[in-house]
Protein chains: 2
Amino acid sequence: MSQEPDLKREAILTAAFAQFSQYGFRRTSMEDIAKATGISRASLYTRFENKEEIFRSACFDINEQSLREVEQVLKGVGGSSTIAARIEDALRVHYGRFLEIAHSPHGSEIYDENNRLCGALVLDSATRLHELLTKAIRAGDRAGEINLKASGLSAGAVAELIQQGAAGLKQGAPDVATFDKRLSGFMRIFFSGLSQK
Amino acid sequence: MSQEPDLKREAILTAAFAQFSQYGFRRTSMEDIAKATGISRASLYTRFENKEEIFRSACFDINEQSLREVEQVLKGVGGSSTIAARIEDALRVHYGRFLEIAHSPHGSEIYDENNRLCGALVLDSATRLHELLTKAIRAGDRAGEINLKASGLSAGAVAELIQQGAAGLKQGAPDVATFDKRLSGFMRIFFSGLSQK
DNA sequence: ATTTGACAAAATACCCATAAATTGTCAATT
DNA sequence: AATTGACAATTTATGGGTATTTTGTCAAAT
């Protein structure tokens, strides 16, 4: 039996994040969020302390959701058979989502608030992604799909390079389609290098 | 015979940029720049329109200087024999310099002003770096050091991946030494992939 | 020919006061 | 029990007035 999800809570966070994306954090009032959710402003306070907590919670959920998907994809649930393809799919899922947010009307304000209010959360998310990637790379090494030894680097160091390299591609991409295409080329070459005997 | 370099001009820009790095753009006055250069404030106006032009000129010079060095390194003047090593050195020169600036006391304000006042210059610089990298990669392909055909990508596309990947590493690096180390691992793996038959 | 001190103009920083918007709470309502 | 209208408190925006800093431009000095 699964925990019953708090639907009202999710409705609030979804509506709130839509407002934040469209009008920015500062220009979105609790009244706006309440109206967008279809409840009264006072009701918001029964579930959340204040606007900052709503923002934090929304970011938290988005991160959790993304990391859960990444974990599933890395497990091979998506159907990709090679470790390279699974990691590529995972990064596509993770960074593609954030690329969309960054390109929303007030993407840069969202980004700033995210760092201000969720600094620890951001770091934690990056750390967990790094752990997942490291695990996947180690698995790929054991399976003989890549050759860590020959690369002269640890699984963690390789994960770092992939993670930061992909982040760079995200930064430079004007849209998701371009990012996807570049990520694909990047992964092909990088994993070709990693599979050298 | 070489153009005589305008020493006073360079002295001003050097002093100005030092002030900008230390105190930020807004908090640095023309008086501060004049004092740091050792001349009167009025003299600044014989060479520069205003503070913004000083900033733009300083950024321009830094970019030019960096691109000139990159060009030299890619030509092999630095002594590196493989194309991979030359590109690695070039990126180290280029991004290492900007990493130091980004880590200066008011790095983020410098970054913002740079985008505000030198938007076109930044784009142009990235484009020129891309062109230099593309040329180097094509040369490496012709020399048989890498195998573009097998990668399925154009020289320009590969240059894009390297450039943005390195930018990602720069973003994620806490200091120059870490960046250098990661860049080294990155390039080893990436070029190993690029040299596949 | 450069460089500079000095001046007027412009921008910035404060301070106060008031108006408007937003927040957080709670008793009353459903 | 959950929701809300309405109230007091807080925060944010606005304007006006003054002091201070900074700017851009000279004519004068080196």
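Below, chain A is the first sequence line, B the second, and so on; all start at residue 1. Values below: all heavy atoms of this structure, side chains included; hydrogens, waters and symmetry mates excluded.
- In this structure, Phe17(B) and Phe20(B) have perpendicular ring planes: the angle between them is above 60°, well past the 30° mark.
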>> Leu13(B) vs Glu10(B), test: side-chain contact (heavy atoms from CB on, under 4.5 Å). Steps then yes/no.
In response: CA-CA 5 Å; Leu13(B) 294 182; Glu10(B) 288 177 23; 5.7 Å; no
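- Both Arg26(A) and Arg47(A) lie close to DNA chain D; mapped to their nearest nucleotides by heavy-atom distance, the more 5′-ward contact belongs to Arg47(A).
- Salt bridge absent: Arg27(A) and Glu109(A) never bring a charged side-chain N and a carboxylate O closer than 4.0 Å.
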Please list, pair by pair, any protein nitrogen or oxygen found under 3.5 Å from a nitrogen or oxygen in nucleotides 28-30 of chain C.
none

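- The CG atom of Leu99(B) lies 9.0 Å from the CD atom of Gln171(B); values are rounded to the nearest 0.5 Å.
- Atom P of nucleotide dT12(C) and atom CZ of Phe25(B) are separated by 11 Å, given to the nearest angstrom.
- Checked options Ile137(A), Val70(A), Val73(A); the residue passing with Leu132(A) is Val70(A) (criterion: side chain to side chain contact (heavy atoms under 4.5 Å, CB included)).
- Put simply, the side chain of His103(B) gets close to the backbone of Pro174(B): a donor and an acceptor are under 3.5 Å apart.
- Rounded to an integer number of Å, the gap from Glu52(A) CD to dT23(C) C1' is 12 Å.
- For the contact set between residues 32-45 of chain A and DNA chain D, defined by any heavy atom under 4.0 Å, the members are Ile39(A), Ser40(A), Arg41(A), Ala42(A), Ser43(A).
- In the hydrophobic clustering of this structure, Ile12(B) groups with Tyr45(B); members are Ile, Leu, Val, Met, Phe, Trp, Tyr whose side-chain heavy atoms approach within less than 4.5 Å, directly or through other members.
- OP1 or OP2 of dT3(D) sits under 4.0 Å from a side-chain N or O of Lys8(A).
- Between Glu64(B) and Arg128(B), at least one side-chain nitrogen of the basic residue sits less than 4.0 Å from a carboxylate oxygen of the acidic one, meeting the salt-bridge criterion.
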